[in-house]
*Asks:* 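Submitted below is the structure of interest, expressed as structure tokens.
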Amino acid sequence: MPSTWTMMSPALMPARCAGPPATSCRTAMVPSALGTPSMPTPPKAAPSLERGRASRSKSCNRHIILVMGRQLIRRVPRLSTMLLPRFPLCVINDASQSTNGATYMTLRTKVKEALSQGRPDSTILVKGWVRTIRNSKEVTFISLNDGSCLSGIQVVVEPDLANYREITGIGTGSALAITGVLQESPAAGQALELKASAIEVIGGADQDYPMQKKRHTFEYLRTIAHLRLRSNTFGAVFRVRSALAQEVHSFFAERGFLYVHTPIITSNDCEGAGELFRVTTLDMARPPLKNGAVDFSGDFFGGATGLTVSGQLEGELFAQAFSDIYTFGPTFRAENSNTARHAAEFWMIEPEMAFADLSDDADLAEAFLKRLCRFALDNCQEDMSFFNAQIDKGLIERIEGVADASFARMDYGEAIERLKKAPVSFQFPVEWGLDLQSEHERYLTEQVVRGPVFIMNYPKEIKAFYMRQNGDGKTVAAMDLLVPKVGEIIGGSQREERLELLEQRMLETGIAPESLWWYLDTRRWGSTPHAGFGLGFERLIMYLTGMENIRDVIPFPRTPRHAEF
RNA sequence: UCCCGAGUAGAUCAGUCGGUAGAUCAGCGGACUGUUAAUCCGUGUGUCGUAGGUUCGAGUCCUACCUCGGGAGCCA
């Protein structure tokens, strides 16, 4: 092997060996000196592998060559091979021509790793987008962000750079590839900075770039949803959203829950007509009519279909075979809701447990919410600190409170009594049999309990047909979890597992039992007590980030009159 | 869908009693040896949401509509 390959960056190895297991295919630092003409190409003998899998080359006794695809990834000392599974894999991005014509090869480092694991005097390549650029005669500063973390890396550019004039003229938003030496920063504001030795403008951005250094309103940013992703707030929102989505799966996987994909297209509307998005291939200009109404019998599915409003009913079928299951997928509501908490397309998490009652359901919901609170605090610290400072001052304290709290449980009847005794006047009436309004929910969780509280056993008249009827003949085994500031965040119930009682409720609420014959079949054979809940994923994100509008926690929100991007 | 508010420069906003519009930031030009939303000097920027109406004259008053935001309902 050429000796060049022994120049593995000292910044990398020890830190990575000691670091946490890789969670993704990360990129890493370059062993080469910039512009070294003798830089070798990846050895042709290296075996080609499928993406993400490492192999060992027999061509070298003392070192291991890692490859990904046909690209050479990294050479590591043989002694380290036992640690291989813990290595984040590295990707060689390109073999490029430097500005002086010399061929060099380098590995890209994400900004997050450069700032957290980089060592002074190591040469690295970073790629990202310019957040700000500050020029003066003798030095220019660039803040470069690649989305891997909230912080950008400060790049120091001095006039000896070959294309210095070009660089001083670039605009905010430009995409750059910067090779340089990490060094301790002499100024306050950052520990490390990158002294640029070569900068390539990958994609320029002119003065029409809509994002300014200044703070923008969320309202304006929604009109440029394709670019707002490059802002601090939305970077933080979508990093947290991604991390939490994965943690949702971890939580259920650890508990042996089966992850089921329930249908997106459905022919049943379990929550009432009028809110389904229609799915059809009929000619909308000349739909077939029958008795004045559209005849869907000739439609693609041979009947009227729409986008799902809930995967719960199908989830229950799976729970009656796999015991514990959950869904996590998109949900659609065609209601003309114009609020900060409603979207036409959102993601819902719906666990369902067989052989479980309402108390088990609340236990699961409590463990679930506490786990996600703790996860966000412990694993998204930089972004959470940003939210706490810029979006919602009391955020971290509030989340800490929920993560450590024991959730209170209160019967609906008691909640009504408490509200009646409340020394405040509500806009809406408080009476047994009436549903709780937002103002009532907020009062209960913020003033009465001062923390998370389950309200349980609601009057059956205000709840869905599938909820289990209690022995009192008046209430059903339903629960809502209320949390400070947001109100209801989880709604769930024990399901009615007794066939006759379920059929009776369907008739009472105007649902034709034969339309859900398959649902009823599970009550016919091997029926079990079972329970589950639904959690709007976006509302969880709102709660954990302090963001107040659902349109700002969905990448490209769909709301009435808005389906752009 | 209902109630309330808003719509003025690329962005955020001001605009008095009705007399044809202004600030800051961004941009552009220049200066500056270490900036952190850099600073300093100079500089440009408008179908005042749309359509009507009142008036000698409308950004301003009236009506309708459109759009956006906040609240409510529905809910997750």
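Heavy-atom basis, side chains included; hydrogens, waters and symmetry copies ignored. Protein chains get the first letters and strands the later ones, always in sequence-line order, with residue 1 at the start of each. Keep in mind the model is a prediction, meaning the values are calculated, not measured.
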*Asks:* If you look at every strand shown and take non-hydrogen atoms under 4.0 Å, does A/T132 touch a base, only sugar-phosphate, or nothing?
*Replies:* sugar-phosphate
*Asks:* Could you tell me whether the side chain of A/Q154 has a donor or acceptor atom within less than 3.5 Å of a complementary atom in the base of B/U35?
*Replies:* yes
*Asks:* Please determine whether any donor N or O and acceptor N or O are separated by less than 3.5 Å between the side chain of A/Q207 and the base of B/G10.
*Replies:* no
*Asks:* Below the 4.0 Å mark, does B/G69 have OP1 or OP2 next to a side-chain nitrogen or oxygen of A/R222?
*Replies:* yes
*Asks:* Can you check the distance between B/G59 and B/G44, where both ends of the measurement are the P atom (answer in whole Å)?
*Replies:* 24 Å
*Asks:* Please work out which of the three classes, parallel, tilted or perpendicular, describes the rings of A/Y326 and A/F252, given edges at 30° and 60°.
*Replies:* parallel
*Asks:* Applying a 4.0 Å non-hydrogen cut-off, can you work out what A/R341 is touching in the nucleic acid: base, sugar-phosphate, or nothing?
*Replies:* base
*Asks:* For residues 337-350 of chain A, which residue pairs qualify under salt bridge (charged side-chain N to carboxylate O under 4.0 Å, His left out), counting only residues two or more places apart or in two chains?
*Replies:* none
*Asks:* So what does A/S185 hit on the nucleic acid, given a heavy-atom distance under 4.0 Å: a base, only sugar-phosphate, or nothing?
*Replies:* base
*Asks:* Would you mind reading off the distance between A/D206 atom CG and B/A26 atom P, rounded to a whole angstrom?
*Replies:* 17 Å
*Asks:* Of the listed nucleotides (B/G34, B/G70, B/G73), which one gets closest to any side-chain atom of A/N549?
*Replies:* B/G70
*Asks:* Suppose you measure atom P in B/U24 against the same atom in B/A14; what distance do you get, rounded to whole Å?
*Replies:* 16 Å
*Asks:* Work out how far the C1' atom of B/C32 is from that of B/G49, and round it to whole angstrom.
*Replies:* 44 Å
*Asks:* Hey, does A/I550 reach any base, or is it just sugar-phosphate, or nothing, if we go heavy atoms under 4.0 Å?
*Replies:* base
*Asks:* So what does A/E193 hit on the nucleic acid, given a heavy-atom distance under 4.0 Å: a base, only sugar-phosphate, or nothing?
*Replies:* base
*Asks:* Which part of the nucleic acid, if any, lies within contact of A/Q212, taking any heavy atom under 4.0 Å across all strands shown: a base, the sugar-phosphate backbone alone, or nothing?
*Replies:* base
*Asks:* Scan nucleotides 44-49 of chain B against the protein and return all N/O pairs shorter than 3.5 Å with their distances rounded to 0.1 Å.
*Replies:*
none

*Asks:* How long is the line joining CZ of A/F332 and C1' of B/C75, in whole Å?
*Replies:* 17 Å
*Asks:* Roughly how far apart, to the nearest Å, are B/C13 and B/G7 at atom C1'?
*Replies:* 12 Å
*Asks:* Apply the side chain to side chain contact (heavy atoms under 4.5 Å, CB included) test between A/F533 and each candidate in A/L481, A/D480, A/D361; give the one that qualifies.
*Replies:* A/D361
*Asks:* Consider the side chain of A/S136, meaning its heavy atoms from C-beta on, and name the nucleotide among B/U1, B/G71, B/G34 that approaches it most closely.
*Replies:* B/G34
*Asks:* Please work out if A/Y220 contacts a base, only the sugar-phosphate, or nothing of the nucleic acid, heavy-atom cut-off 4.0 Å.
*Replies:* sugar-phosphate
*Asks:* Can you tell me, in whole Å, how much space there is between the P of B/U54 and that of B/U60?
*Replies:* 15 Å
*Asks:* What interatomic distance, in whole Å, is found between P of B/G10 and the corresponding atom of B/A72?
*Replies:* 35 Å
*Asks:* Expressed in angstrom and rounded to an integer, what is the separation of A/K137 atom NZ from B/U35 atom C1'?
*Replies:* 17 Å
*Asks:* Given B/A72, B/G34, B/U1, which nucleotide is nearest the side-chain atoms of A/Q437?
*Replies:* B/A72
*Asks:* The side chain of A/F428 lies closest to which of these nucleotides: B/G69, B/G34, B/A72?
*Replies:* B/A72
*Asks:* Give A/N338 one of three labels, base, sugar-phosphate or nothing, depending on what nucleic acid heavy atoms sit under 4.0 Å from its own.
*Replies:* base
*Asks:* Give one of base, sugar-phosphate or nothing for A/R551, where a contact means two heavy atoms less than 4.0 Å apart.
*Replies:* sugar-phosphate
*Asks:* If you measure from the C1' atom in B/A58 to the same atom in B/U50, how many Å do you get, rounded?
*Replies:* 16 Å
*Asks:* Look at all strands and tell whether A/Q427 reaches a base, only sugar-phosphate, or nothing, counting heavy atoms closer than 4.0 Å.
*Replies:* nothing
*Asks:* Just call it for A/Q190: base, sugar-phosphate, or nothing, with non-hydrogen atoms closer than 4.0 Å on any strand.
*Replies:* base
*Asks:* Ignoring hydrogens and angles, does a donor from either the side chain of A/S337 or the base of B/C75 sit under 3.5 Å from an acceptor on the other?
*Replies:* no
*Asks:* Could you measure between the two P atoms, the one in B/U47 and the one in B/U63, and give it in whole Å?
*Replies:* 27 Å
*Asks:* Has A/S438 got a side-chain N or O lying under 4.0 Å from the OP1 or OP2 atom of B/G73?
*Replies:* yes
